[in-house]
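Chain A is the first sequence line, chain B the second, and so forth, proteins listed ahead of strands; every chain is numbered from 1. Heavy atoms only: backbone and side chains are in, while hydrogens, waters and symmetry mates are out.
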Amino acid sequence: MAELLLPWYRRCGRHDLPWRKTQDDYALWLAEILLQQTQVRTALPYYGRLLAHFPRWQDLASAPLDAVLAQWSGLGYYARARNAHRAAQMVVRDHGGRFPKDRASAMALPGVGRSTAAAVLASAYGQDEAILDANARRVLFRTAGLVGEPRSAANDRRLWQLAAMETPRGTAHDYNQAIQDLGAIHCRSRRPDCPGCPLRPRCRAAARPELLNRYEQTHRSDRPQRYATLLLARDAAGRVLLHRRPEHGIWGGLWSLPILDASQILTDPDQRAQALERYASACGLRLKAQSLDPVRRHLFSHFQLEYAVLHAQLRAEVVADGDSGLVCQDIGSALGLGLPSPIRRLLEQLD
DNA sequence: GAGTCGTGGTT
DNA sequence: TAACCAAGACT
């Protein structure tokens, strides 16, 4: 496969991607983290922004987590940001400020699994390490003519064996990039472009089109529906009340609107007033209910949220204190925090 | 093995 | 509109 892939890669590969122009272990690691479950187009602006704010291991390691989350805001899978922050601290403290050079030490870093470790070891240090990301998985699954679920334990073992077998000595880095580009350009998940594919001569699925359609991800069970009522409280100066999410769980560590009710949309005005009263007294605030926005919808990877925003007038001064996880900030400052995407959009509309 | 964890683009 | 899913890791 390498003999077919590498000439094609030199001719048709995506050589303009910024992480292909560096040999810096930090930049290459950062790119791999950003690209986990994330399309190249989406990750690109975040890569530039994060490198500008945190150019080296030391800069990321010594930054406050809040500053890292602020730059990660909108990209999703925020555990990656927390793990990356911790990993940078481990690299500085335990590995002399260099990405570790052996697979076991690399995989001991939070957020670095086998494929990410392999990708960095190959690209930064030229090691003969095979990757198995979604692209390599799909390409190998098809060329080998496998059937069944690509993520089953049996296929997983087989695919890692194939990946190791096909990865050439000495040029693993180029080969890894090549198979990813092939997956993005020709061997796409849907509507694969076989006619122009350099692997067509040795691809079992291309020879037997009924196999092409065998590539199906594990069936995702239906997203359960959840409901919530969020609180948008503003004081006389227009500052907005924000609440820091707990470290674990959805939107972990990000700043969001306080949740007035985590299980339902409070359509009844009396219920709203009651819930607001309870919340105000629990937090030591004075709040007066105003209007309820129309219902909005947000899709997560594993559930669907329908929520409404209750506007309220905030009377008392809120002092920023870390313990309560509450702050009151003007819109401009709030937009500089680590916010989930729908909350960011909401605040931008107020501005 | 299955569930958790986001978001935006494509079809 | 709704479904699909992308340079996965962790619990």
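Regarding contacts with the backbone of C:dA7, every side-chain N or O of A:T116 stays at 4.0 angstrom or more from both OP1 and OP2. At least one side-chain nitrogen or oxygen of A:W251 sits closer than 4.0 Å to the OP1 or OP2 atom of B:dT7.
Using a 4.0 Å heavy-atom criterion, one finds that A:G249 contacts the sugar-phosphate atoms exclusively.
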Write out a two-atom table: protein N or O, nucleotide N or O from nucleotides 9-11 of chain B, distance below 3.5 Å.
residue	atom	partner	partner atom	Å
B:dT11	OP1	A:R191	NH2	3.2

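When distances run from any side-chain atom of A:E32 to the nucleotides C:dG8, C:dC5, C:dA7, the shortest one goes to C:dA7. You'll find that the side chain of A:A153 is closest to B:dG1, out of B:dG6, C:dA7, B:dG1.
With sequence neighbours excluded, no residue forms a ring-ring contact (aromatic ring centres under 6.0 Å, His included) with A:Y307. Remark: A:D94 pairs with no residue by the salt bridge (Lys or Arg N to Asp or Glu O under 4.0 Å) rule, at least two apart or across chains.
At whole-Å resolution of the value, OH in A:Y77 and P in C:dC5 are 13 Å apart. Rounded to a whole Å, the CD atom of A:Q304 is 8 Å from the P atom of C:dA3. Atoms CZ (A:F300) and C1' (C:dC4) sit 18 Å apart, rounded to a whole Å. Atom CZ in A:R344 sits about 15 Å away from atom P in B:dG6, given to the nearest Å.
Comparing the C1' positions of B:dG6 and C:dC4 gives an interatomic distance of 15 Å, to the nearest angstrom.
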